[in-house]
Amino acid sequence: MNAKVTHVHDVLIVGAGFAGLGSAIRLRQQGVEDIVILERESEVGGTWRDNQYPGAACDIPSNLYSYSFVPNPGWPRSFSGSRDILAYIHDMVDQFELMPLIHFNKNVTGASFDEAQGLWTIKLQRGRAYKARSVIMAQGPLSNASLPNITGIDDFEGHRIHSARWDHDYDFAGKRVAVIGTGASAVQIIPELVKKAEFVKVFQRTPGWVLPRPDLRTPEWNKKLFERLPITQSAVREALFWGHESMATALIWDTPVTGLLERVAKAHLKHQVADPWLRRQLTPDYRIGCKRVLMSSDYYPALQASNCQLVTWPIDRLSAAGIRTAEGLEHVADCIVFATGFDVNKTGTPFPVTGLDGRRLEEEWRGGAQAYKSVNVSGYPNLFFTFGPNSGPGHNSALVYMEAQIDYIVQGIRTLLDNNLRALDVKPEVQQRHNRRIQKRLAKTNWNSGCSSWYLTEDGFNATMYPGFATQYRRQMKTLKKRDYRMQPEGITS
Amino acid sequence: MQLDLDNMLAKIKASQWALADFDWDAPGRETVTENPELYAKLKVFMADLMWIEHVGARGFAAMAKKAEDPTLAEIYRYFHAEEQRHANAELALMKRWGMIEGDELPEPNINIRLVVDWLDTCADDQPLDVLGSVIPMLEITLDGALCKFLLDTVDDPLCHEVFGAINADEARHLGVDFHVLETLGYSPLYQSSIRAVANILNPKLMIGILAYLPLLNRMRDNLVALGLKEEKLYDAMRKYERVGGTEQGRRNAWFRIISLQGKMVIDRGNRLYHVPVDALVKLSDRYPRRLVRPLPSWFKQLSWRSQV
Ligand SMILES: Cc1cc2nc3c(=O)[nH]c(=O)nc-3n(C[C@H](O)[C@H](O)[C@H](O)COP(=O)(O)OP(=O)(O)OC[C@H]3O[C@@H](n4cnc5c(N)ncnc54)[C@H](O)[C@@H]3O)c2cc1C
Ligand SMILES: [Fe+2]
Ligand SMILES: [Fe+2]
């Protein structure tokens, strides 16, 4: 192996989730062929491969939570389950013949740029390094499951399951189950657990705003219509897009509509929960939109099932037998389900990234990540991020944003390859100007209105969300302006 | 009495305890069970005490939603839970002494019941200055002091152990209570007075006051019945004025009102106060129980069991 000279790929993609696979499709459609995708697991799918807990589903309608360049007339439900979304991803891989590009079981542990050659070297946990002229970081914003920082977490002697690493062999029948966390995953898991387990205790720190989610089965005639007349499906997608766009006015900024939406959520709560104390425990005391809004019509009913109890006392520690809370009792459990979310890289990178002159991205981002248009970072040429800093939607499909990023990245890579550049590097002043504007706009949003959430760093810096409409985001991503970049041709060193 | 709230929260988190930390079958229960005279009075007293924990608990629950400082809100969230813990521990003692059967909960006296009822329906609507000023008084005279008095009459070593833990919690509660009482005095007295006058005319608060006044006299009578000196209660009430009466604290109109009322309670010779209030106590005994709203659902989470 050592004798073989390492092949230099035109593009190397880290991660075979929606972002990585979508990037490969669009690159190929633009004539870029020499692509390799490195995936640390042995299967494609990312989020939807990992999140197979009972009840896992998207909370954006499937017609919008899918790629416009890979239409699927056959979505079985308005909000598809995890398995259907994973099947869609598998179909996408088959349809566009992506399998040969993917190298599985390759866990990327570092990336460094060699200025003289204009090449990125990608180090792996095991095996030889890869080389490429450009790199797309598509490792996912929510791909590393995180356990909460609770004293005695290793003392618990029962079974432990993280929502994103579900244990399908565990039989919940007759078991006492504790669920820690009441976020997006928890509200989907709890109604399913209540059906199976003997008793479910839900440990809540802060309640979320919950809006009803009408989940309808797609009628057959509808699927046929979409198949025969694809334009009807794009029309539906368009309508859904604008429906979600209009939510931005309520969710991103504090406007009269925000109050209206809160009233809808409160009416939903009042309608579903009769007991005033329980209702009080479930009423958030921050503006809707400050944290991710939860979508569920069966969460509140599940909490009130005779075999379910909401516990809002602060957790003191885990013990051998269960969970000790501050009211002095030990809640005995056979199994603890951690629906506690993910390690989101707001102040670092998932692995060391070394740019020009040995600069380290994880150090530059310590105070909060920033980039230019969420895609490029000055000093790290030919490197592209999907779901990068300040690209998060609070109100619309992540894939709408992702498509815009991907098409922007494809322009960047075409510029690099067509002009045979050694480096395409965003100018530092351009990046600074962009971020000053972003942070100024963020200051006026609900996310920065005083609740703590995974959107913010410990110091309250917002490195994740995009403060505006998806339309605005798409518009700014439409064209890559060459004047924003320092372009260094092959053969000339700066 | 300025406090570093972050430090306080860290201290609270580091000082958590649970029912499981005690051996509820340890020797010594006979010191209570074999003393019939004490037993009967203690049973009543414990039932009241356990319910008084809820006066603090419900107050803290309201404060947790009101406090603007997230650290203070988190502290109140803990205090709310700690009051529930005290109630659970007191239930466990009653269970040990054979004062309750199975999962039954003891009945509180009507005055406590009315105060808890009022807190449940109205506390969330009360302004921060009212809650922040009255909670220290309730804590220092009832929640904190009653626990200490108990130890003078009961010899059960486990009881002393448990109340050691409870009193350590209460010391932290008082620290925060008086810190907040003081910060409430930051606005000028006239502003605070205008707000107080406006609030006192609020009918919900009037009902609260009518529930609160007889409670103090009732607990005084109960203490006397237990063979304790009422002076002890008065010492605690004087402490409210002493500790709370800093320069800042005195600028809080509610502090002044509550101190004044405290002075009247202490002065048994003040017939203008005691005749009507004692009448209220008698009257409340005839308050039809069916008019009291059913207990809110939080009481279902009370338990004397270490493990649930
Ligand atoms: C439970 C859940 C529900 C969600 N629901 C919605 C929704 O309704 N609407 C919405 O818009 N968004 C939703 N999201 C957000 C969702 O993560 C994104 O929409 C999208 O799936 C992200 O795709 P991705 O390709 O960027 O990342 P991922 O799907 O996470 O894919 C990243 C891939 O990279 C691999 N990888 C990571 N690190 C390395 C490494 N070091 N080396 C090699 N490979 C690596 C991972 O194994 C993974 O396969 C949800 C997320 C979760 C967790
Ligand atoms: Fe107490
Ligand atoms: Fe207390």
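Chain letters run A, B, ... following the sequence lines, proteins first and then strands; every chain starts at 1.
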Asks: Other residues, nucleotides and ligands only: do more than 12 of their heavy atoms fall within 6.0 Å of CZ on R176(A)?
Replies: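 Count over threshold, so yes.
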Asks: Considering only heavy atoms, which portion of Q309(A) lies under 4.5 Å from any heavy atom of chain B: side chain, backbone, both, or neither?
Replies: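 Only the side chain of Q309(A) comes within 4.5 Å of chain B.
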Asks: Within residues 18-27 of chain B, which residues come under 4.5 Å of chain A, heavy atom to heavy atom?
Replies: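 Within residues 18-27 of chain B, the residues under 4.5 Å from chain A are A18(B), L19(B), A20(B), D21(B).
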Asks: Hey, which residues of residues 299-308 of chain B are touching chain A, say heavy atoms under 4.5 Å apart?
Replies: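 When heavy atoms of chain A are the reference, residues 299-308 of chain B contributes Q301(B), S303(B), R305(B), S306(B), Q307(B), V308(B) within the under-4.5 Å range.
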Asks: Working to the nearest 0.5 angstrom, can you tell me the gap between E327(A) CD and H86(B) NE2?
Replies: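 Here the rounded value is 12.0 Å.
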Asks: What are the two closest heavy atoms between A326(A) and R85(B), and how far apart are they?
Replies: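 Between these two residues, the closest heavy atoms are O-NH1, 3.0 Å.
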Asks: Of all the residues in residues 69-80 of chain B, which have a heavy atom that comes within less than 4.5 Å of a heavy atom in chain A?
Replies: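 E74(B), R77(B), Y78(B), H80(B) fall under the 4.5 Å cut-off.
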Asks: Is the count of non-hydrogen atoms from other residues, nucleotides or ligands lying under 6.0 Å from K175(A) atom NZ greater than 12?
Replies: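 Yes.
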Asks: In the structure I gave you, are the side-chain heavy atoms of R280(A) and K65(B) within less than 4.5 Å of one another anywhere?
Replies: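 A side-chain contact under 4.5 Å exists here.
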Asks: Does atom CD of E101(B) have more than 12 heavy-atom neighbours, drawn from other residues, nucleotides or ligands, at distances under 6.0 Å?
Replies: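 Open.
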Asks: Which atoms of K13(B) are under 4.5 Å from chain A, going by heavy atoms: the side chain, the backbone, both sets, or neither?
Replies: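 Just the backbone, heavy atoms under 4.5 Å.
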Asks: Identify which of N88(B), D120(B), I12(B) forms the greatest number of heavy-atom pairs closer than 4.5 Å to chain A.
Replies: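 Max contact count across the listed options: N88(B).
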Asks: Mind checking which of residues 55-62 of chain B sit less than 4.5 Å from chain A, heavy atom to heavy atom?
Replies: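 Against chain A, the residues of residues 55-62 of chain B that fall inside the cut-off (heavy atoms, under 4.5 Å) are R58(B), A61(B), A62(B).
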Asks: Is chain B contacted by the side chain of I323(A), its backbone, both, or neither, given a heavy-atom distance below 4.5 Å?
Replies: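 For I323(A), neither part sits under 4.5 Å from chain B.
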Asks: Counting only heavy atoms closer than 4.5 Å, note whether A333(A) contacts chain B via side chain, backbone, both or neither.
Replies: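 For A333(A), no heavy atom lies under 4.5 Å from chain B.
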Asks: So what's closer than 4.5 Å to chain B heavy atoms on S319(A): side chain, backbone, both or neither?
Replies: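 Neither part, no heavy atoms under 4.5 Å.
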